[in-house]
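Structure record follows, encoded as structure tokens.
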Amino acid sequence: MLYPDTVESDVLVHKPWFIASIFVAVLAIFLTVNLTGTTMGELMRPVIGEPLDSGLYGRFAIAFVITVMFCLNLVLIGFASLKVQIGIVWLELLVLFIAFFKLFDLSLPFIWDKLPFLIGQGVVTTLYVSAISLVFASIIGIIAAIAKLSTNGFAYGIASFYTSFFRGMPLLMQVYLIYLGLPQVGIVMDAVPSGIMALSLCIGAYMTEIFRSGIASIDRGQWEASRSIGFGFGLTMRRIILPQALPVIIPPMGNMFIGMLKDSSLVSVLGVWELTFLARTVGQPTFHHMEMLIAAAIIYWILSICLELIQSKIERYYARSKVR
């Protein structure tokens, strides 16, 4: 629901038909997976006997118990408040997440030993590359968006060609073309500037459409009223149009920045010491590839969560006028 429903009704997870449907679906899913050789099979040993010899009965018994636990959990969570529900679901998923990675038999001492280096060098470089690329991408996006909204055919043609070209090619290919192609015409750039340039141009093309749609969402009368009282183009954009367009622009722009944070891993192919490059390099000599990759993945996840929180605060700030 977009807004809290003011009409009292039964909670969905407390309706028998819904629980029955979920029960059948979950049971069918777990019947397709043989869990007799897992920890769950060992826990069910008093009921099914030797897990590996229990056959179809063992698979059905394990699937049935898991399904009952899942549906019971679903019903009980329905009695809690929204924030408590979210907290319980996150906690349960984190427990399952940790249990899953325990299966990889990871070397935790190795991870803790290398973690400061990953954060001190890799995270700093990743944020540095991403932040600078975001600034340039935003500048490019605003300029190209204004060009696409103008009646100047020359400006519109350049902007539309730019967005079509850079949105139509994979980012990795753009990284290679800039780093390896520009030296062919006498322009030699280091790995970090090449990566920033590729990210800025690629993400700038997407930012163009974000800014264009945000500006276009403002009623034309706002523009005409501003111009009629003598505001110039720049003042109209700064004081009238962009402040109203920002609530529309911020959510997709935040998503693009989170995406850019992960896309910055592609500059690792140029030898930039960002998070992915270091995770791969540090784990290679001792064959601790999985430890470093999982550590890097969790760091990316934590960074993304921080950015999501910042984005939500900015969204609430610009949407405060709509709160009733």
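Not measured: the values here are computed from a predicted model.
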Completion exercise
Closest heavy-atom pair, S138 versus M253, reported as atoms and distance to 0.1 Å, is OG-CE, 3.2 Å
Exercise for the section: I would like to know whether L35 and M44 meet side chain to side chain contact (heavy atoms under 4.5 Å, CB included); could you show each step before the answer? Expected result: CA-CA 10 Å; L35 300 175; M44 291 285 293; over 6 Å; no
Handout entry: Validation row: N73, M69 side chains within 4.5 angstrom (heavy atoms)
Key = no
Practice task
Determine yes or no for a side-chain-to-main-chain donor-acceptor pair under 3.5 angstrom, with S21 supplying the side chain and W17 the backbone.
Solution key: yes
Practice task
Rounded to the nearest 0.5 Å, what's the gap from CZ on F18 to CG on L74? Could you check?
Solution key: 6.0 Å
Handout entry: Y300 atom OH: more than 12 heavy-atom contacts under 6.0 Å
Key = yes
Practice task
Answer yes or no: is there a side-chain heavy-atom contact under 4.5 Å between Q311 and I258?
Solution key: yes
Fill in the blank from the handout: Nearest heavy-atom contact between H14 and V75 is NE2-O, 3.0 Å
Problem - Value rounded to 0.5 Å, distance of CD1 in I250 from CD in E315 - result: 7.5 Å
Practice task
Drop me the distance from I298's CD1 to I302's CD1, to the nearest 0.5 angstrom.
Solution key: 7.0 Å
Exercise for the section: State plainly whether one hydrophobic cluster holds both M292 and I119, where clusters connect Ile, Leu, Val, Met, Phe, Trp and Tyr through side-chain heavy atoms under 4.5 angstrom apart. Expected result: yes
Handout entry: More than 12 heavy atoms from other groups under 6.0 Å of CG on L56
Key = no
Fill in the blank from the handout: Residues T276 and S265: closest non-hydrogen pair is OG1-CB, 3.0 Å
Exercise for the section: Check the angle between the aromatic planes of Y162 and F166 and answer parallel, tilted or perpendicular using the 30° and 60° thresholds. Expected result: tilted
Practice task
List the atom of I48, the atom of G41, and the distance in Å for their closest heavy-atom pair.
Solution key: CD1-O, 4.1 Å
Practice task
Determine, stepwise, if the pair L93 / F97 fulfils side chain to side chain contact (heavy atoms under 4.5 Å, CB included).
Solution key: CA-CA 6 Å; L93 291 177; F97 184 79; over 6 Å; no
Practice task
Could you check if a side-chain atom of Y179 sits within less than 4.5 angstrom of a side-chain atom of M197, using non-hydrogen atoms only?
Solution key: no
Exercise for the section: Take V129 and E274, measure what side chain to side chain contact (heavy atoms under 4.5 Å, CB included) needs, and give me the verdict at the end. Expected result: CA-CA 9 Å; V129 170; E274 51 77 58; 5.9 Å; no
Exercise for the section: Count the heavy atoms of every other residue, nucleotide or ligand shown that sit under 6.0 Å from CZ of F136, and state whether that count exceeds 12. Expected result: no
Exercise for the section: Check whether any side-chain heavy atom of L118 lies under 4.5 Å from a side-chain heavy atom of L275, and answer yes or no. Expected result: yes
Practice task
State yes or no: do I143 and Y206 share one hydrophobic cluster built from I, L, V, M, F, W and Y residues joined by side-chain heavy-atom distances below 4.5 Å, directly or via other members?
Solution key: no
Exercise for the section: Kindly check if the number of other-residue, nucleotide or ligand heavy atoms within 6.0 Å of CZ (R239) is above 12? Expected result: no
Handout entry: From OG1 (T32) to CG (L27), nearest 0.5 Å
Key = 10.0 Å
Exercise for the section: State yes or no: do L201 and M256 share one hydrophobic cluster built from I, L, V, M, F, W and Y residues joined by side-chain heavy-atom distances below 4.5 Å, directly or via other members? Expected result: no
Practice task
Give a yes or no answer on whether the side chain of S164 reaches the backbone of S160 with a donor-acceptor pair at less than 3.5 Å.
Solution key: no
Problem - Between T125 and Q121: side-chain donor-acceptor atoms closer than 3.5 Å - result: yes
Practice task
Tell me whether V65 is reachable from V68 by hopping between hydrophobic residues (I, L, V, M, F, W, Y) whose side-chain heavy atoms are closer than 4.5 Å.
Solution key: no
Practice task
Check the hydrophobic clustering (I, L, V, M, F, W, Y; side-chain heavy atoms under 4.5 Å; chains of links allowed) and say if L177 and I187 are grouped together.
Solution key: yes
Exercise for the section: Assess whether side chain to side chain contact (heavy atoms under 4.5 Å, CB included) is satisfied between R167 and E209, documenting all intermediate values. Expected result: CA-CA 11 Å; R167 289 198 302 169; E209 294 304 312; 3.5 Å; yes
Exercise for the section: Find out whether D219 and Q244 are in side-chain contact, i.e. whether some heavy atom of one side chain is under 4.5 Å from a heavy atom of the other. Expected result: no
Exercise for the section: Could you tell me which non-hydrogen atom of S130 sits nearest to which non-hydrogen atom of M260, and how far apart they are? Expected result: O-SD, 3.2 Å
Exercise for the section: Calculate, to the nearest 0.5 Å, the distance between atoms CG and OG belonging to L199 and S194 respectively. Expected result: 11.0 Å
Exercise for the section: Indicate yes or no for a side-chain donor-acceptor contact from S150 to the backbone of A147 under 3.5 Å, with no hydrogens or angles considered. Expected result: yes
Handout entry: Shortest non-hydrogen separation from S200 to I140 and the atoms involved
Key = O-CD1, 4.0 Å
Problem - Atom CG of D190 with >12 non-hydrogen neighbours under 6.0 angstrom - result: no
Handout entry: Spacing of I305 atom CD1 and E308 atom CD [to the nearest 0.5 Å]
Key = 6.5 Å
Handout entry: Test item: I77 and V13 side chains (from C-beta on) under 4.5 Å apart, heavy atoms
Key = no
Exercise for the section: Indicate yes or no: at least one non-hydrogen side-chain atom of I299 is less than 4.5 angstrom from one of L115. Expected result: yes
Problem - Non-hydrogen side-chain atoms of F64 and L31 separated by less than 4.5 Å - result: no
